[in-house]
Amino acid sequence: MEPRRESGNKSASSQRQLCTFYVKSQLYGIDVTQVQEVVKSMAMSRIPLALHYVRGLINLRGQVATAVGLREMFQLEGQTETSSMNVILRHEGALIALQVDEIGDVMEVERGDIESIPSTIPDSIRSYMSGVFQLKNSLLCVIDLNKLFKNVSESEAV
Amino acid sequence: MSGALREFLAEAEEQLERVTVKLSAQDYKKPDSESIHAIYRELHSLKGNAQLFGFQALAQVAHTLESAIDSARKHNQGLSAELADQIYVGTGLLERMVKAVRDSSEADFSKDVTRLLTQVTEIISRGLHGAPMPFGKDNIIPDEKRPLAPSEVKSEAKVESKAEVKSETVVEIKAEIKEVVVEAVSTPKAVDGEDKGKSPSHQASDAASQETLRVQVTLLDSLMNLVGELVLVRNQVLQKSNSQSDDAEFANLSQRLDVITTELQNEIMKTRMQPIGTILTKFHRLVRDLSRDLNKEINLKLEGTETELDKTLVEAVKDPLTHIIRNSIDHGIETKEERAAKGKNKAGNVAIRAFHEGGQIVIEISDDGRGLQRQKIGNKAIERGLITAENFRKMSDRDICNLIFLPGFSTAEKVSNLSGRGVGMDVVRTNIEKIGGVVDISSVEGGGSTIRMKIPLTLAIVPALLIKTDGQSFAIPQVKLTELVRLQKSETHSENRIEHLQGQAVFRLRGNLLPLVSLESLLGLSPKGPKLVQEREETSIVVLQADAGLFGLIVDEIDDSTDIVVKSLSGFLKNLKVYSGATVLGDGSVALVLDVTGLAEHANVFNERREIAALEDGDQSNKHLEITEFLTVDVGLEGRYCIPLFVVNRLEEFPREMLEITGNQLVVRYRDTVLPLIDLAETLKGSKAAATNKKEFCSVIVVQQGGRLYGIIVEQIVDIIGMTGAIDESVRDNACLLGTKIYQNHIVSVIDAFRVIHTHFPILNTKENEGQTIRILYAEDNNFFQRQITLMLEGAGFKVTPCINGEEAYQSLDNGKFDAYDIIVSDLDMPVMDGFQLVEKIRANKAMAKLPVVALSSRAKLMTEKQVLKSGFDCYIEKSDVAGLIEAVQHYTLSKREMKRGA
């Protein structure tokens, strides 16, 4: 697995920091540099006809963010709860709020420790991942945002 | 590129623009010595600047032009047409040279320069005095050294200051330009030919008063964005203040905030405003060139050139306007002879009028040419397959005129290099719509046409109407809105209530039938749809202008109109054509902005209307219509043939030498298997065709039947067409035909691909595992689909029981026979009981709730997969996806089969 490139980080450290969160009690991580902020659940406007995992639009201090339910996106059971937390990212100028169940710590991991995702994991999740880290008492899946957004732009709404 | 050089280029561009403007003024006004002086001045200082920067070629051309004018200037004469032409050519050349410097391109202009030099020298040597003078010489021209009268200077300076903002567009990317150039307006400029080496900017900096200054466009943009945000905050504060009516001080403050914000918004908007004249005046040159090329005589009249609109919009309307004017001159205005024969003035007129109307800008381009020839347009549209002859007969005059905006439409008999490539008007409409505007055309046959563009003043802040449906707010841009209609349930006059025509809601709006769609059902908020209309006490209809005409949108509530700042949607939503963006409302919530054109497309408003028209003709029963796509093929026999597209797996072309024969069968190797080939012409004729064609490649339609692929050889694959309505089965003289259809006045025979295969390869009986055959209950109201899909499913080894609607399907289940079927496949749109009602009833019935139900529908329907699944279906398959259907049936019956095997 090739380590993900981090933009602008010239320190060439072997460490990388991940912003972690839980979706259906599984730990996921996103590179901390890619996260703008984390906010509590907010009022949402539904988007009729949108893909099922696009859950609505959020007013983030006057900017409009698109809320994406990770449970729905990963095709996990159950709906994202209304009390879910939002991990705010910026993608191609647009704000995206990934809705997750619970926010974890920012974790430091060794770049070299990343392992490939076992092939038994369903494709619906695996296709969005860049790899997995073994933590002391859990496993941390690293989400590859580029894959995630690429997948989205390729899938078509009716 | 150094800052100074950039400054030189920016200034050169401005100077050339001013020269062009002044030159075009020369065309139709009396000789205006002041303009000639001005042109001279501009060229002169351009020359000086070019020399300073070492652009010798530039300086040379400028010098040539300058000296060419010099004589006219000194003798207070107008420019001869010949000379004016050369100055045009020279200015154009200078523009290209400046651009080349800006782009750092190495373009070689030496030929152009030489040509220009020779020609100008020739004109001058012939003697300017001897040249014909188109302009009256008797004008009294003031002393050339006279300082300008303040009023003249003022107006000139105005043009200049506007031009500065504009040309900054070009410089936009060059972010480092920091200096402020000041134009002295009140100091009269010396009109002195000897004023060498001093560029206007130098003069300007000497001036004491500073009235205009250059600002970066990016700064204006960010100011505009900030004001946009401020407007949103203001809206929120106002809302808050309205809800807290007891706090007088807060109310007072918010009132003031409101007033100031509005004022600020207006002022900031003004900074970005440019008179539309900056682009309109350039059309003088276009018209002049075109009329010369086409040997027509045309007067261009401009009105309202001072009308201001946002800089970005000025740029955006330029291309559409150019297209329209080209079209008017090329197609609209007749030749001189034609005009004379018609008793019209030999010279045609084209007028561009710009004015404000209802908070929007209207630009009208009218000509007094031949107008739109309805029959010709109709014929062309029919020929191009855009409409059918039947539709044409029924179309309103306005609809016919608007046909010219359809993609791929062009009536020019001769494709000229000016227009007639069939992209023009289509592009005009797309471009105008991109900036939130609308285009319309009205025309009197023989008397000319008027094209009317309505565009918003600015893009940043859009006036919009807020509406509510299902508790959710949506915004509709005001520009697309024509009126609001409110109906009371108590109204009994048919003119004032909603009627249903072939199941579609319509409303008589002052004598015109207005198709209605409910936003609720359109967005899938309620699958029941327009039925609710009858239950409402009051119905609110928003009448909207889409490309193809007006339609009414039924909403729950009409709220208020407000200014919104449209924010674009993220990539997750860009496929949703029904929204053009989102905005933050006064209460802090986010509302989606509806895209009217997208809505109309999504609702299929205008297609359905056409279908209804088609239906009336055919005197059909209330069958629900669906457009079916057919592949038209050339069989090599007489007549036209087509194959339903959904049975087609792939289209292939094989080189003839790849075809092989095993036994008696023609085959080809195809994706690791052997594909049996059937010659269609042979099958239809029933006899061996005489030596099949000599083409190098043969076209093969690959069809899947019973899990096997078969290839059908045709002479040529022609096209894909969409047809509605049933297949006429009265003529089926061949077992391999399903019947006939009429398409564009021709009879087309529909080929039964499966029968074609069966005549060569009888169905293999796969009954060895009788007990495990999957039994399908299939509800479909369309005979054609029912038969075809039944055949295909049977071909795949399933047992199929077809029925014609949900009601019948449910009855066959309800008679205690629910376990007679393993799976239900249902169409969504059916009379009596549709697919949604059927699945609802099945899910409600405990005995059969577990039965898998597959929704099968054609494309472009109102529902998304999500809504279909939400209403209880296990999966959603498109009618064209037969392989997917078979797979789905196998997938959802897997557990059942396994259970049986175990038992």
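In the text below, chain A, chain B and the rest are named by the order of the sequence lines, each starting its count at 1.
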- Which residues in residues 132-139 of chain A have a heavy atom less than 4.5 Å from any heavy atom of chain B? none

- Message: Run the side-chain hydrogen bond (donor to acceptor under 3.5 Å, both in side chains) test against Gln472(B) and tell me which residues pass, sequence neighbours left out.
- Response: Arg46(A)

- Item | Under 4.5 Å from any heavy atom of chain B - which part of Val64(A) | both

- Bottom line for Ile58(A): the part with an atom under 4.5 Å from chain B's heavy atoms is backbone

Looking at [atom1] of [X] and [atom2] of [Y], how far apart are the two atoms once the value is rounded to the nearest 0.5 Å?
| X | Y | atom1 | atom2 | value |
| --- | --- | --- | --- | --- |
| Leu57(A) | Lys567(B) | CG | NZ | 12.0 Å |
| Leu51(A) | Leu576(B) | CG | CG | 7.0 Å |
| Leu523(B) | Ile47(A) | CG | CD1 | 11.5 Å |

- In terms of heavy-atom proximity below 4.5 Å to chain A, should Val578(B) be classed as side chain, backbone, both, or neither?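 Side chain only.
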
- What residues form a ring pair (Phe, Tyr, Trp, His ring centres under 6.0 Å) with His52(A), not counting sequence neighbours?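 By the ring pair (Phe, Tyr, Trp, His ring centres under 6.0 Å) rule, His52(A) matches no residue at all.
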
- Tell me, please, which residues at least two apart from Phe21(A) pass ring pair (Phe, Tyr, Trp, His ring centres under 6.0 Å). none

- Pro48(A) versus Leu592(B): any side-chain heavy-atom pair under 4.5 Å? yes

- Message: Counting neighbours of NZ on Lys577(B) that are heavy atoms of other residues, nucleotides or ligands and sit closer than 6.0 Å, is the number greater than 12?
- Response: no

- Task: Decide if atom CD of Glu110(A) counts as having more than 12 heavy atoms of other residues, nucleotides or ligands within a radius under 6.0 Å.
- Result: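 More than 12 within 6.0 Å, yes.
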
